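Please read the structure below before turning to the comments.
Here the structure is a predicted model, which is why all the values come from computation and not from measurement. Heavy atoms only: backbone and side chains are in, while hydrogens, waters and symmetry mates are out.
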Amino acid sequence: MKRAGDGEEAPGQNASAGQRKSDQSDGDNSGCDLGKADMQNEDNNPGIRREIRSKYRELIQSVQQNREDMLSPSNNKLTEVLEEANKLFKDVRQPREAALDAQLLVVTTDLGKEKASQLAAEGAAFDPTAFTEHLLSYMGLNRLNDGEDEQPIGAAIGYLPPDAWHKVAQRAESCFRAAPSFHYMMGSFHAEPPPPKQRMERQRKPPSKEVKRIMPTQLKKMEGSHQEATEKEVERILGYLKTYYQDDPTSPISYYEFVIDPKSFSRTVENIFHTSFLVRDGLARMYFDNYKLPCIAPVEEGEVEAGGSSIRKQCIVSISPKLWKELIEAYDIRNTLIQPSNAQPE
């Protein structure tokens, strides 16, 4: 009986154990259902959803109102807005909040694009006003001005120290590479003249008697007559020079007006040739007037030095028919000062 009773009691125990298991499983399912229900309640909570939408609208309004400040390269407000939007997006469950998030994303994207293009443009732009302010500050502009002196419109108020521009020059000098110094491959062009070489006079062999006999006597006469004619012409030109100089010693005699014959180019060349003997022998001197034009004057008898002791300076004078005509027009020469040999001085 007892076994039978024991056997009868066993099913009752098993039933109670199965009932507890079923109760536990029902309890677990009910816990999951409660968690899902809480999450659904939060998603459908109007107060939470309203708060999220309000924060999104505040961010959008902040971006629109502070647009100019956010475009500044030194302002990081746009980054802060995007970080705040990322935090709000974690709680977005409804389409209305998602639509506001998309609207904020569009506004911040346009602003970021404009800021990026502005940064790229400012990289190559030059602001003269900002550069002037920095330059004046570097030069040490003293802005403490009494205001007594009237400043021109647009001028900086204050005054600069005396060494302001020297300071800028020293600063700018380091930004440029110094040009290499100029030098000659064969030495300096303006070198001292080399010492004169001693001329070795060659010993001329005396002509033989046969050569003296062959030389014609008529050639000697021609050389003698030509030399005498040149000396006479030089003395005649010296007479003209002294006459014009004695008439007005204070007025300089222009060299070109003295030697140029406006009616004959060949006589002009002859006058230049014969006048050169006066300068060579020390009977006349040439100098420059106040306008750096050549003038000529006779040398007094007491000032004449021996030809051997005077320092001679020679140069080559060239003249062409074109230059001769230009000198005539420039000096307005109408009559010649040196009359031809067949005429008499006035």
Margin query: Applying ring pair (Phe, Tyr, Trp, His ring centres under 6.0 Å), can you list everything that pairs with Phe288, at least two apart in sequence or on another chain?
Written below: none
Check: Are the side chain of Ser254 and the backbone N or O of Cys295 linked by a donor-acceptor pair below 3.5 Å?
Finding: no
Note to self: When you measure from the side chain of Arg236 to the backbone of Gln339, do you find a donor-acceptor pair of N or O atoms at a distance under 3.5 Å?
What the structure shows: yes
Check: Can we say Glu51 and Lys55 salt-bridge, meaning some charged N sits less than 4.0 Å from an Asp/Glu carboxylate O?
Finding: yes
Next item on the list: State plainly whether one hydrophobic cluster holds both Tyr255 and Leu323, where clusters connect Ile, Leu, Val, Met, Phe, Trp and Tyr through side-chain heavy atoms under 4.5 angstrom apart.
Entry: yes
Note to self: In the structure I gave you, are the side-chain heavy atoms of Ile237 and Leu278 within less than 4.5 Å of one another anywhere?
What the structure shows: yes
Next item on the list: Taking the side chain as every heavy atom from C-beta outward, state whether Arg49 and Arg96 have any pair of such atoms under 4.5 Å apart.
Entry: no
Note to self: Counting neighbours of OH on Tyr256 that are heavy atoms of other residues, nucleotides or ligands and sit closer than 6.0 Å, is the number greater than 12?
What the structure shows: no
Next item on the list: Specify whether Trp324 and Phe265 have parallel, tilted or perpendicular ring planes, treating 30° as the upper limit for parallel and 60° as the lower limit for perpendicular.
Entry: perpendicular
Identify all side-chain donor-acceptor contacts of residues 128-141 below 3.5 Å with residues at least two apart in sequence or on another chain.
from   : atom 1 : to     : atom 2 : distance (Å)
Thr132 : OG1    : Pro128 : O      : 2.7
Glu133 : OE1    : Arg143 : NH2    : 3.1
Ser137 : OG     : Glu133 : O      : 2.9

Notebook entry, point to check: Looking at residues at least two apart in the chain, or sitting in another chain, which of them share a side chain to side chain contact (heavy atoms under 4.5 Å, CB included) with Glu235?
Noted result: none
Next item on the list: Measure the OG1-CG distance between Thr108 and Leu59 for me, rounded to the nearest 0.5 Å.
Entry: 10.0 Å
Notebook entry, point to check: How long is the gap from OG on Ser54 to CD on Glu97, to the nearest 0.5 Å?
Noted result: 11.5 Å
Checklist line | Under the side chain to side chain contact (heavy atoms under 4.5 Å, CB included) test, residues paired with Lys292 that sit two or more places apart | finding: none
Checklist line | Tyr56 to Ala85 - nearest heavy-atom pair and separation | finding: OH-O, 3.8 Å
Note to self: Hydrophobic clusters here meaning ILVMFWY residues chained together by side-chain heavy-atom distances under 4.5 Å, can you tell me if Met286 and Tyr291 are in one?
What the structure shows: yes
Item checked: Nearest atoms (heavy-atom pairs only) where Leu327 meets Ile260 -> CB-CD1, 3.7 Å
Notebook entry, point to check: Quick check: are there more than 12 heavy atoms from other residues, nucleotides or ligands sitting under 6.0 Å from NZ of Lys232?
Noted result: no
Notebook entry, point to check: At their closest point, which heavy atom of Ala284 faces which heavy atom of Leu241, and how far apart are they?
Noted result: CB-CD2, 3.8 Å
Notebook entry, point to check: Among all residues two or more places apart in sequence or in another chain, which pass the side chain to side chain donor-acceptor pair (under 3.5 Å) test with Asp247?
Noted result: none
Checklist line | Straight-line distance of Leu104 CG to Gln61 CD, nearest 0.5 Å | finding: 12.5 Å
Margin query: If the condition is side chain to side chain contact (heavy atoms under 4.5 Å, CB included), which residues does Asp110 pass it with, not counting sequence neighbours?
Written below: Val106
Next item on the list: Could you tell me which residues satisfy side chain to side chain donor-acceptor pair (under 3.5 Å) with Ser266, sequence neighbours excluded, listed by chain and number?
Entry: Ser264
Margin query: Restricting to side chain to side chain donor-acceptor pair (under 3.5 Å), what partner residues turn up for Asn76, sequence neighbours left out?
Written below: none
Next item on the list: Report the distance from atom CG of Asn66 to atom CG of Leu78, rounding to the nearest 0.5 Å.
Entry: 11.0 Å
Notebook entry, point to check: Taking only residues two or more places apart in sequence, or in another chain, which ones meet Arg67 in a side chain to side chain donor-acceptor pair (under 3.5 Å)?
Noted result: Glu114
Next item on the list: Write out all pairs satisfying salt bridge (Lys or Arg N to Asp or Glu O under 4.0 Å) with one or both partners inside residues 321-330, taking only residues at least two apart or from two chains.
Entry: none
Item checked: Residues that Phe89 engages under ring pair (Phe, Tyr, Trp, His ring centres under 6.0 Å), provided they are two or more places apart -> none
Check: Does Pro298 offer a backbone N or O that forms a donor-acceptor pair with the side chain of Lys242 under 3.5 Å?
Finding: no
Notebook entry, point to check: What distance separates Ile52 CD1 from Arg93 CZ, expressed to the nearest 0.5 Å?
Noted result: 8.0 Å
Notebook entry, point to check: When clusters are formed by joining ILVMFWY residues with side-chain heavy atoms under 4.5 Å apart, either directly or through shared neighbours, do Val107 and Leu100 land in the same one?
Noted result: yes
Checklist line | Polar side-chain atom of Asp289 near backbone of Leu293 as donor-acceptor pair, under 3.5 Å | finding: yes
Margin query: If you compare all heavy atoms of Pro162 against all heavy atoms of His166, which two are closest, and at what distance to 0.1 Å?
Written below: O-CD2, 4.1 Å
Notebook entry, point to check: At their closest point, which heavy atom of Lys77 faces which heavy atom of Met70, and how far apart are they?
Noted result: CG-CE, 3.2 Å
Side-chain donor-acceptor distances from residues 269-277 under 3.5 Å, at least two apart:
from   : atom 1 : to     : atom 2 : distance (Å)
Asn271 : ND2    : Val259 : O      : 3.1
Asn271 : ND2    : Arg267 : O      : 3.2
His274 : ND1    : Glu270 : O      : 3.0
Thr275 : OG1    : Asn271 : O      : 2.5
Ser276 : OG     : Phe273 : O      : 2.4

Note to self: To the nearest 0.5 Å, what is the distance between CG on Leu111 and NZ on Lys115?
What the structure shows: 7.5 Å
Check: Taking side chain as C-beta onward, heavy atoms only, is Gln103 less than 4.5 Å from Ile60?
Finding: yes
Check: Would you find a donor on one side and an acceptor on the other, under 3.5 Å apart, between the side chain of Tyr244 and the backbone of Leu337?
Finding: yes
Notebook entry, point to check: Is the backbone of Leu105 close enough, under 3.5 Å, to the side chain of Thr109 for a donor and an acceptor to pair up by distance?
Noted result: yes
Note to self: Any carboxylate oxygen within less than 4.0 angstrom of a Lys/Arg side-chain nitrogen, looking at Asp332 and Arg334?
What the structure shows: yes
Check: Would you say Gln170 and Ser174 make side-chain contact, with heavy atoms under 4.5 Å?
Finding: no
